[in-house]
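Just so we're clear, the structure is a prediction, and the values are computed from it rather than from any experiment.
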Amino acid sequence: SLSEGKSKILDAGCGNGVQALYIARRNPKSVIYGYDLSYEQISIANTYKQKHKINNVFFYEASHDDFRPQCKFDFIYTTGSLIGEHECYWDGQDQMRTAEELIRIRLLKFSEMFLSRGIYLITMVSNEQLNKDFIEIAGGCNLNYLNTIEGDWFEEGIYSYDKYRQTALIFKKQTPL
């Protein structure tokens with residue numbers, strides 16, 4: 001697991017907190033932070049936290065743009081939530097380029113939140129071109145591409161007949177020379 005041995009982990013856009021809680025339970029010596037824009041989702045996350053008595057996870061209501069951490073992280077992940085559906089018009093042809101500036105701003109912010117050699121993981125439904133575009137954008141944001149892990153299911157593209165696949169892209173913070 002990429003989260004093993006990491007002391008401070010951030011689930012950026014944590015939704016109801018299930019993944020953050022899972023990671024917290026698997027890494028009891030780590031501190032996990034999660035934030036989400038939805039007050040309702042954060043309330044659910046805190047209910048799950050209390051119900052399962054998991055004390056090494058903390059949830060905050062915030063967006064990617066207004067979250068202000070009190071520490072730096074050695075592992076940050078987002079699960080398909082880097083860009084909200086309401087934030088960008090998706091034309092179906094050049095999806096990653098349509099949202100490029102917003103992605104760049106958020107990845108630069110994440111890069112600043114890392115301890116040296118931090119790991120960033122994003123999971124999303126994508127195709128080969130979207131992966132290439134994202135890797136290029138991340139490279140300009142102090143994140144070195146390490147690996148791609150693809151899921152085993154496909155989804156028909158909404159605007160085309162391209163096949164989309166569940167993908168995880170893994171990056172490492174660039175270290176100054």
Exercise. What pairs of residues pass the side-chain hydrogen bond (donor to acceptor under 3.5 Å, both in side chains) test when at least one of them lies in residues 34-49, not counting sequence neighbours?
Worked result: Y35-H64, S38-E40
Exercise. D11 and I23: side chain to side chain contact (heavy atoms under 4.5 Å, CB included), yes or no, with the steps?
Worked result: CA-CA 10 Å; D11 182 349; I23 289 174; over 6 Å; no
Got a second to check how far [X]'s [atom1] is from [Y]'s [atom2], nearest 0.5 Å?
X    : Y    : atom1 : atom2 : value
I103 : I122 : CD1   : CD1   : 7.5 Å
L21  : K51  : CG    : NZ    : 11.5 Å
L169 : Y145 : CG    : OH    : 6.5 Å
R104 : L102 : CZ    : CG    : 11.5 Å
E136 : E100 : CD    : CD    : 7.0 Å

Look at the side-chain heavy atoms of Ile, Leu, Val, Met, Phe, Trp and Tyr, link any pair under 4.5 Å apart, and say whether [X] and [Y] land in one connected group.
X    : Y    : value
I119 : I149 : yes
I105 : L143 : no
L108 : I135 : no

Please report the shortest heavy-atom distance between [X] and [Y], naming the atom on each side.
X    : Y    : value
K72  : L115 : CB-CD2, 3.6 Å
C14  : G34  : SG-C, 3.7 Å
F110 : I76  : O-CD1, 3.8 Å
D74  : S7   : OD2-N, 3.1 Å
S63  : L37  : CB-CD1, 3.7 Å

Problem set entry | Salt bridge present between K132 and E128 (N-O < 4.0 angstrom) | yes
Problem set entry | K109 side chain vs F67 backbone, donor-acceptor pair below 3.5 Å | yes
For this session: Spell out, as yes or no, whether a donor-acceptor pair under 3.5 Å connects the side chain of N142 to the backbone of K173.
Result: no
Problem set entry | Pair T78-Y120, side chain to side chain donor-acceptor pair (under 3.5 Å): steps then yes or no | CA-CA 8 Å; T78 52; Y120 174 61; 2.7 Å; yes
Exercise. R25 versus Y22: any side-chain heavy-atom pair under 4.5 Å?
Worked result: no
For this session: Verify side chain to side chain contact (heavy atoms under 4.5 Å, CB included) between F171 and C141, making sure each step is shown before the conclusion.
Result: CA-CA 11 Å; F171 299 87; C141 299; over 6 Å; no
Using residues 52-62 as the side-chain source, report each donor-acceptor pair under 3.5 Å to any protein atom, sequence neighbours left out, with the distance given to one decimal.
residue: N56; atom: ND2; partner: A24; partner atom: O; Å: 3.1
residue: N56; atom: ND2; partner: N27; partner atom: O; Å: 3.1
residue: N56; atom: ND2; partner: S30; partner atom: O; Å: 2.9

For this session: Quick one: list whatever passes side chain to side chain donor-acceptor pair (under 3.5 Å) with N147, sequence neighbours left out.
Result: none
